[in-house]
Amino acid sequence: MTELRKDLAKALGVSAATVTRDATAGMPTDSLETARDWREQHRRPRATPGAAAPASTQAARSADQLDYRAARTLRESNEAALSGLRLAEQRGDLVRVADVRASLARRAAAFREGLLAIPARLAAVLAAETEVAVVHAELDREIRATLTHLVDAV
């Protein structure tokens, strides 16, 4: 390291390694003024204990606090909405879509099985019957009985 860089580090109040790192990043090392200007534009000042933060830092903190407050308000609002949904579900005013779909699937399967069982129950009775009115009456009675059974099962 040149003697100029050592002097520059001492004048800037930083270590020689910091000057080397900053020079590698593009800091001019030909004069103290250009090095200071470069550091002001490219390096954030370190906060000293007890010193007030710059106005830009305070504004950023204020914006972060507002963002935090907005996020927290949104979270609280969402949690309140979820709590309301859970309460409605516990009261029975609200049901889950998956539960409704499962119930409908079970009912549709029972309806299908009930209707498909009619031919097996009536085949022997209707095979021997020659009168249309009797066949119609037997089919009507069996279909109605199956539907009544399915409705009562609900």
Side-chain angles (χ1 to χ4, degrees), residues 1-123 138-154:
M1 175 182 287
T2 65
E3 195 64 36
L4 178 62
R5 285 196 180 175
K6 288 181 186 178
D7 292 340
L8 191 57
K10 187 175 183 180
L12 290 172
V14 297
S15 68
T18 299
V19 170
T20 301
R21 184 190 70 225
D22 288 351
T24 303
M27 181 181 77
T29 58
D30 56 340
S31 73
L32 178 61
E33 291 78 25
T34 58
R36 274 195 184 130
D37 290 343
W38 186 92
R39 284 182 57 82
E40 284 177 12
Q41 292 175 2
H42 294 87
R43 297 284 176 214
R44 290 191 307 199
R46 293 185 180 215
T48 55
S56 61
T57 305
Q58 288 176 351
R61 284 185 190 149
S62 179
D64 287 345
Q65 287 174 348
L66 287 175
D67 289 344
Y68 172 76
R69 287 186 186 137
R72 185 170 179 158
T73 301
L74 179 62
R75 190 190 91 213
E76 294 291 329
S77 175
N78 288 341
E79 284 183 4
L82 283 174
S83 180
L85 290 174
R86 283 189 208 106
L87 181 61
E89 184 180 16
Q90 288 173 351
R91 288 182 178 162
D93 298 336
L94 187 67
V95 292
R96 295 180 183 269
V97 171
D99 294 344
V100 171
R101 286 186 179 146
S103 176
L104 288 175
R106 284 191 304 273
R107 289 180 184 180
F111 181 70
R112 179 180 180 270
E113 293 303 316
L115 290 179
L116 290 176
I118 292 173
R121 288 193 302 266
L122 290 180
E138 282 297 318
L139 281 172
D140 185 69
R141 184 188 60 74
E142 192 64 31
I143 290 171
R144 287 181 187 280
T146 299
L147 291 174
T148 301
H149 176 69
L150 292 173
V151 169
D152 292 342
V154 178

Could you check whether any side-chain heavy atom of Ile118 comes within less than 4.5 Å of a side-chain heavy atom of Arg121, counting everything from C-beta outward? yes
Report yes if some heavy atom in the side chain of Met27 is under 4.5 Å from a heavy atom in the side chain of His42; otherwise report no. no
- [ ] For the pair Phe111 and Thr146, evaluate side chain to side chain contact (heavy atoms under 4.5 Å, CB included) and give the outcome as yes or no after the intermediate values.
- [x] CA-CA 8 Å; Phe111 181 70; Thr146 299; over 6 Å; no
Side-chain donor/acceptor of Thr148 to backbone N/O of Arg144, under 3.5 Å: yes
Between the CG atom in Asp22 and the CZ atom in Arg39, the distance rounded to the nearest 0.5 Å is 5.0 Å
The complete set of salt bridge (charged side-chain N to carboxylate O under 4.0 Å, His left out) pairs with one or both residues in residues 70-88, sequence neighbours excluded, reads Arg75-Glu79
Residues passing the side chain to side chain contact (heavy atoms under 4.5 Å, CB included) test with Asn78, sequence neighbours excluded, are Leu74
Value for CG (Leu87) from CG (Leu82), rounded to nearest 0.5 Å, stands at 12.5 Å
CG (Asp140) and CD (Glu142) are apart, to the nearest 0.5 Å, by 10.5 Å
Of all heavy-atom pairs linking Gly26 and Trp38, the shortest is O-NE1, 3.5 Å
Check your understanding: Within the distance-only criterion (no hydrogens, no angle test), does the side chain of Ser77 pair as donor or acceptor with the backbone N or O of Thr73 below 3.5 angstrom?
Key -> no
Does the pair Glu138/Arg141 count as a salt bridge with the N-to-O cut at 4.0 Å?
yes
For Ala11 and Leu32 the tightest heavy-atom approach is CB-CD1, 3.6 Å
Closest non-hydrogen atoms of Leu8 and Ser31, given as atom of the first, atom of the second and distance, are CD1-O, 4.1 Å
